[in-house]
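Input: a single structure, listed below in structure tokens.
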Amino acid sequence: MKIPESVHLIEHPLLKHKLTMLRDKNTRSKEFREITEEMAMLMGYEVLKNLPLKKKKVITPLERTTGWQISGKKLAIIPILRAGIALADGLKKLLPMAKTGHIGIFRDPKTLKAIRYYHKLPKDIKKRLCILVDPMLATGHSAKAAIDILKKEGAKTIKFLCLVSCPEGIKEITKYHPDIEIYTAVVDRQLNDHGYILPGLGDAGDRIFGTK
Ligand code: URA
């Protein structure tokens, strides 16, 4: 597929290496969760590269100088429950000052439709740069529903971070939310009939939490 401009394919040897470890069906849950967090941190570097800065005076052990401090926009990290939690945990290590919102969505295994069951967001979500996270952009129904919720609650700037995407999910988001920037480490081939990404890495939630 021709990748739309709103999609940032983050390619780095470390990400490719770690992604292959996630794909491996023999990677155990603890390692899977840790690698997911690490990938979130590495990708966060790209997602956050335009954060505004302000000057800050600082005294080193040798002299006074001027450095930089992140300023301006406040941040909100919003995992789509439950698989998004591991990505959010990684990002929060980079951004301990960010607030966390949660959006609970599961997909109906028969219809693959997104069923929303919960959301709790920071009160001032309108003023925050929202980083919505879910490891897999598959049908795109959950991400679309989560973005619908964020926009309804007044969020103005939303970026979506995933590890693995596919053409179907990218089409869904760019169709309904062309303003949303998508960050992904890979665009896989396709979805299977059950809504799983091929070659993919299986069910990210089950693998992160060891529930299968
Ligand atoms: N969700 C997952 O966890 N894996 C997929 O392949 C698709 C959706």
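Whatever order the structure lists them in is the order used to number ligands and atoms, beginning at 1.
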Should the pair Asp148-Lys144 be classified as a salt bridge under the 4.0 Å nitrogen-to-oxygen rule?
yes

Considering only NZ, NE, NH1 and NH2 on the basic side and carboxylate oxygens on the acidic side, decide whether Glu34 and Lys30 come within less than 4.0 Å.
yes

Hey, which residues fall under 4.0 Å of ligand 1 on heavy atoms?
Arg107, Met136, Ala138, Gly195, Tyr196, Ile197, Gly202, Asp203, Ala204

Side chain Arg33, main chain Ile208, donor-acceptor under 3.5 Å:
yes

Any donor-acceptor pair under 3.5 Å linking the side chain of His194 with the backbone of Tyr196?
no

I want to check a possible cation-pi pair here: Arg82 against Tyr117, using under 6.0 Å from ring centre and within 45° of the ring axis as the test.
no

Contacts under 3.5 angstrom, residues 48-61 side chains, donor-acceptor by atom type, not counting sequence neighbours:
residue : atom : partner : partner atom : Å
Lys49   : NZ   : Glu46   : OE2          : 2.9
Thr60   : OG1  : Leu62   : N            : 2.9
Thr60   : OG1  : Glu63   : N            : 3.0
Thr60   : OG1  : Glu63   : O            : 3.1

